[in-house]
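This report concerns only the one structure given below.
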Amino acid sequence: MPAHPPRLETRPVSVHPPRRRAADALVTSRFSPPKHIHYSVGIDTESSTAVSPHPAGPAWAAGTAADLNRLHERINGWFSETARDLPWREPACSPWGILVSEIMLQQTPVVRVLPVWHEWLKRWPTPAALAGEPAGEAVRAWGRLGYPRRALRLHAAAAAITQDHSGKVPDTYPELLALPGVGGYTAAAVASFAYGRRETVVDTNIRRVHARLISGTALPAPALTAAEMRLAASLLPADDASSVRWNAAVMELGALVCTARAPKCAACPVNDLCAWRAAGEPPPSYVPKGQAWHGTDRQVRGAVVAVLRQAETPVPPDMFFHEPADLGFAPTGIGVPLAALHRLNSAPEQLERALTGLLADGLAEMHDGGYRLPA
DNA sequence: GAAGCGTGGAC
DNA sequence: TGTCCAAGCTT
């Protein structure tokens, strides 16, 4: 059955912008609302599940324009007072800086990204600068952020931007989506935050806020659904500037207040409107399965990449399969990650799988009979 | 659609 | 200590 867009009822509503404090200058300047906002409120009239309240939810969720405006006012006001002064939110931050931040922030906490992001932008202030160096340098500079394939893809994205976009980060969703390592979330986030476009940004924070506030559930579904996208789109303010601010504000609310564990409902600007609270905070309907770590191939891969990051010359296979002490390595330099690798006591087959996988993924290559990061 | 992919802080 | 989880993407 062909998909078709839901019918939308729209009507303009004017709202006053929240008061602005001097301390929020950095944040509010990038996410500055217009003097008079005219929301064109979209209500999904065909897919009632998208915006319908939890049966026990408060009256606001009837989905009227006034209700939606209340949400916008409250959450935007909270954002003005509470938003963190992150460097990629500064008006002077380039689209490249924002793209780099979005890739680094995938599955990775802000506090760990900050120092690496600063070093990265200092060393490679433009996509062309990064594209001009070997991919292995990107993996090295990635440090211990995790998921080093992201570094590889960011390097590939820089090359694509340099070759196909004259060195300028593209400003439309489809062009961004075509870049390596850029999926639906990141494409929408860069188009919104770097270029001020009206895009429906949906990340894990926003999904969780919507799940609780609107749907009345403790957690969103295991995977992003079409209904969630429709809901997010229906909540998005109509004009570009307001939509950008709303995207950032809801994400920040999920990151700081509406957290996965122990949400700080007392500090929430919309706690009286929350369907999940009104329903008595029912527990999640499913238990998310945590990722195993100890003893896994992933753990071995990580330890091997740590060795390659430290190595200045190709690493012979023997060094992975034998005790570093037996090979005469002091517990310094490359001896440190080697010792860590051997403490894992992984089976030779597991080590073999890790090395083979790294070669297949382009995170390692053979040179002079040894393994090294891609040159 | 499910599985695979890193890392370290918080509780 | 072990478990959970963080601005996802790719195959």
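Between B:dG1 and C:dT11, the distance separating the two C1' atoms is 11 Å to the nearest Å. Comparing B:dG8 with C:dC9, their P atoms sit 23 Å apart, to the nearest whole Å. Taking atom C1' in both B:dG6 and C:dC4, one finds a spacing of 15 Å when rounded to whole Å. Taking atom P in both C:dA7 and B:dG4, one finds a spacing of 24 Å when rounded to whole Å.
The side chain of A:Gln107 contributes an N or O atom lying less than 4.0 Å from OP1 or OP2 of C:dG8. For the pair A:Lys289 and C:dT3, the criterion of a side-chain N or O lying under 4.0 Å from OP1 or OP2 is not met. Checking the phosphate oxygens (OP1, OP2) of B:dG6, a side-chain nitrogen or oxygen of A:Arg301 falls inside 4.0 Å. Checking the phosphate oxygens (OP1, OP2) of C:dC9, a side-chain nitrogen or oxygen of A:Thr186 falls inside 4.0 Å. In terms of phosphate contacts, A:Arg153 brings no side-chain nitrogen or oxygen within less than 4.0 Å of OP1 or OP2 of C:dG8.
Within 4.0 Å of A:Val182, counting heavy atoms only, lie sugar-phosphate atoms of the nucleic acid but no base atom. A:Ile206 comes within contact range of no nucleotide atom at all, as no heavy-atom separation falls under 4.0 Å. Using a 4.0 Å heavy-atom cutoff across all strands shown, A:Ala262 reaches no nucleic acid atom at all. Note on A:Gly146: a base of the nucleic acid sits closer than 4.0 angstrom, heavy atoms only. Across all strands, A:Trp88 comes closer than 4.0 Å to base atoms (heavy-atom distances). Using a 4.0 Å heavy-atom cutoff across all strands shown, A:Thr204 reaches sugar-phosphate atoms only and no base atom. Residue A:Gln299 is out of contact with every strand shown, counting any heavy-atom pair closer than 4.0 Å. Using a 4.0 Å heavy-atom cutoff across all strands shown, A:Arg353 reaches no nucleic acid atom at all. Nucleic acid contact for A:Gly184: sugar-phosphate only, since backbone atoms but no base atoms lie under 4.0 Å from a heavy atom of the residue. Here A:Ala189 lies out of heavy-atom contact (under 4.0 Å) with every strand.
Here the side chain of A:Asp203 pairs a donor or acceptor atom with the backbone of A:Asn205 at under 3.5 angstrom.
Using a cutoff of 4.0 Å between basic side-chain nitrogens and carboxylate oxygens, A:Arg301 and A:Asp361 are scored as salt-bridged. One finds no salt bridge joining A:Arg197 and A:Asp240 here, because no Lys/Arg side-chain nitrogen approaches an Asp/Glu carboxylate oxygen to under 4.0 Å. Using a cutoff of 4.0 Å between basic side-chain nitrogens and carboxylate oxygens, A:Glu137 and A:Arg140 are scored as salt-bridged.
Atom-to-atom, CG of A:Leu224 to P of C:dC9 comes out at 10 Å; the value is rounded to the nearest Å. The distance between atom CG of A:Leu154 and atom C1' of C:dC9, rounded to the nearest whole Å, is 13 Å. If you measure from atom NE2 of A:His294 to atom P of B:dG8, you get 12 Å, rounded to the nearest angstrom. If you take CZ of A:Arg298 and C1' of C:dT10, they are 14 Å apart, rounded to a whole angstrom. A straight line from CG of A:Asp361 to P of C:dT10 spans 13 Å, rounded to a whole angstrom. Atom-to-atom, CE of A:Met251 to P of C:dA6 comes out at 14 Å; the value is rounded to the nearest Å. For the pair A:Leu363 CG and B:dG6 P, the interatomic distance rounds to 7 Å; values are reported in whole Å. As a whole-Å value, the separation of A:Tyr147 OH from B:dT7 C1' is 9 Å.
Comparing A:Leu177 and A:Val110 by the nucleotide of DNA chain C that holds the closest heavy atom to each, the one mapping nearer the 5' end is A:Val110. Nearest-nucleotide positions on DNA chain B for A:Arg144 and A:Arg149 put A:Arg149 closer to the 5' end.
A donor and an acceptor atom sit less than 3.5 Å apart, one in the side chain of A:Arg261 and one in the base of C:dC4. You'll find a donor-acceptor pair under 3.5 Å spanning the side chain of A:Thr108 and the base of B:dG6, going by distance alone.
In the model, A:Trp124 has a side-chain atom that pairs as donor or acceptor with a side-chain atom of A:Glu133 under 3.5 Å.
Residues A:Leu213 and A:Cys274 approach most closely at CD1-CA, 3.7 Å, considering heavy atoms. Between A:Ala211 and A:Pro220, the shortest heavy-atom distance links the atoms CB-N, 3.7 Å.
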